[in-house]
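To start, the structure under review is shown below, and the notes come after it.
All of these numbers come straight from a predicted model, not from anything done at the bench. Both ligands and their constituent atoms are indexed starting at 1 by order of listing. Just so it is clear, the values below take in all heavy atoms, side chains as well, and ignore hydrogens, waters and symmetry mates. One is the number of the first residue; the rest follow in order along the sequence.
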Amino acid sequence: MRTLIRGGTVVNATGPVVADVLITDETIGAVTAPGLITVADEEIDATGKYVLPGGIDAHTHMEMPFGGTFSSDTFATGTTAAAWGGTTTIIDFAVQKKGTSLLATMDAWHEKADGHCAIDYGFHMIISDVNDQSLKEMQSCIDQGVNSFKMFMAYLGVFYATDGEILRAMQRATETGALIMMHAENGIAIDELVAQALAAGHTDPVQHGLTRPPELEGEATSRAIQLARVTGAPLYIVHLSARHALEAVAEARDTGQNVFAETCPQYLYLSLEDLAKPGFEGAKYVASPPLCPQDHQPDLWRGLRTNDLSVVSTDHCPFCFKDQKELGKSDFSKIPNGMPGVEHRMDLLHQGVVAGEISLARWVEIASTTPARMFGLYPRKGVIAPGADADVVVYDPNATQTISAETHHMNVDYSAYEGMRITGKVDTVFSRGSKVIADGAFHGREGHGTFLSRELSQYLL
Ligand SMILES: [Zn+2]
């Protein structure tokens, strides 16, 4: 099966060029000057549109257990929504529970995901129980294509790891070539502030933000960086939200340390003011780290331009407003932490191009190419080039749309961006050569997506 995408502007991380793209079965067969190829089974006219490598969302949580409930997207619904938004690969987190092994965790997550995803997927592993067996099993995980391990400096009693435990896992990462991903917030100090707020009778959602001040994200980020320096481990800071943390990352990178960071669309577009919306409305915006005051946003955009922030992922972890977020109606600390977003990352970042915050090429780089390299998927993913998987998005930069829970495809009853006008829209999406989205309809299927066994991070020598 040969599909020819004609006359579009192919946008790679190296920049835009007008070219034809031939899809041959599951891969890209050729990228040529316009008009060179004349024979194909199907043709798509992409004149005036962008032809992008499919988006890679390196941070999602489908069906994730949290606070006695589960994030509301399954692997089936979440990957379908991702495809609607031009994302053709997710990397989700397998979550080790205390007292279980990493390998049993990996099996459990394969059982949840295998045969259900509409697009390709990989896993990271969350280590919540650092012990001799877990440390040993890191190598087995790597052998099975899962070579990035997330740890938490917050959530005492659930995911929290002590500095000593982090140090041990980092030493193991140095030995094996694995990447440590860090949720960097000083959870011990935060728990005190939360207890004090509740004791004073402050129960509203905005307290979630006020009890997690940006300084405590900055402190934990700095501490993680120093632990990485001592152990020689590469470090990837997940969902960076605060200027304080960005400064620590920039300083480490300036000294040549292998420190990388991602941010998320919610930190670029939403703020503490959303958490402070009247009544219980703010619960829709409860995620950790929390949304910061608005004046952090220009720093995050600058970080994306200077590459101190290399990736934008969503941390997609949806909980319905009704029944799920409502668990915290009388106590903000019981609101499940997480926001939906997997469907809108490409569109929201395109607004950065429209607004002149980032270039067209940088949009593709932070949303597809760098995540592919960071997590060992390049050049199979993250580029429009011969031999790459035909994960291709035809994007109409002039179409407009309005984000709404009425029209989105994520399995959640609200949108954090309700009513936001967007310039640009996904037109057609291919996943390994199969048409998934076209003519405003879903043509994919549950189970088309395959598990991606990943190589080590390609940013490390
Ligand atoms: Zn997360």
> Quick check, are the ring centers of Phe159 and His183 under 6.0 angstrom apart?
Replying inline: no
>> I want to know whether Phe93 and His59 have ring centres closer than 6.0 Å.
In response: yes
>> Between His409 and Phe442, is the ring centroid distance below 6.0 Å?
In response: no
> So what does the His61 NE2 - the Zn ion (ligand 1) - Lys150 NZ angle come to, to 10°?
Replying inline: 100°
> Is the distance between the Zn ion (ligand 1) and the nearest N/O/S atom of His59 smaller than 2.8 Å?
Replying inline: yes
> Does His239 bring an N, O or S atom to under 2.8 Å of the Zn ion (ligand 1)?
Replying inline: no
> Strictly under 6.0 Å, is that where the ring centroids of Phe332 and His208 end up?
Replying inline: no
>> Report the atom name of the nearest N/O/S atom of Asp315 relative to the Zn ion (ligand 1).
In response: OD1
